[in-house]
Amino acid sequence: ANDGGALIKPEALAAALRGNILRATGGCAASVGIGPNRLLARLATARAKPDGCVSLLGCEPAALFAPLGIRELPGVGRERASKLESIG
């Protein structure tokens, strides 16, 4: 909430954050992902690169994950992907 008690929209907060980073660093761009949980926010950030903002609020998680390869999921490296692929 801001000083007036009104809620700030996540997209507006992300835009302000990106602007602050740009000014504070003298031109360094930042990508922001917005999601209802950490995993979806990380996926949104990957989609926002470079220098963008993507919100996955209100999206159906199953529809987001279905087209992804196993390695595109945060925290899934080569070894874990291999194990998951072996079990189908």
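All values below come from the heavy atoms of this structure, side chains included, with hydrogens, waters and symmetry mates left out. Not measured: the values here are computed from a predicted model.
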Open item on the list: Can you tell me how far apart CD1 (Ile34) and CG (Leu56) are? Round to the nearest 0.5 Å.
Closed with: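 The CD1 atom of Ile34 sits 9.0 Å away from the CG atom of Leu56.
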Would you check if the side chain of [X] reaches a backbone N or O of [Y] as a donor-acceptor pair within less than 3.5 Å?
| X | Y | answer |
| --- | --- | --- |
| Ser82 | Arg78 | no |
| Arg42 | Pro74 | no |
| Arg18 | Ala29 | no |

Between [X] and [Y], which heavy-atom pair has the shortest distance, and what is it?
| X | Y | value |
| --- | --- | --- |
| Cys53 | Ala14 | SG-CB, 3.7 Å |
| Ser31 | Ala48 | OG-O, 3.7 Å |
| Ala44 | Gly33 | CB-CA, 3.5 Å |
| Leu39 | Asn37 | N-OD1, 3.2 Å |

When you compare the side chain of [Y] with that of [X], does any pair of heavy atoms fall below 4.5 Å?
| X | Y | answer |
| --- | --- | --- |
| Thr45 | Val54 | no |
| Arg80 | Leu84 | yes |
| Leu43 | Leu64 | no |

- [ ] Go through the structure and list residues passing salt bridge (Lys or Arg N to Asp or Glu O under 4.0 Å) with Glu79, not counting sequence neighbours.
- [x]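 Counting only residues at least two positions away or on another chain, Glu79 forms a salt bridge (Lys or Arg N to Asp or Glu O under 4.0 Å) with Lys83.
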- [ ] Sequence neighbours left out, what passes side-chain contact (heavy atoms from CB on, under 4.5 Å) with Leu22? Give chain and number order.
- [x] none
Open item on the list: Is there a path of hydrophobic side-chain contacts, each under 4.5 Å between heavy atoms, that joins Leu68 and Ile70?
Closed with: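 In one cluster: yes.
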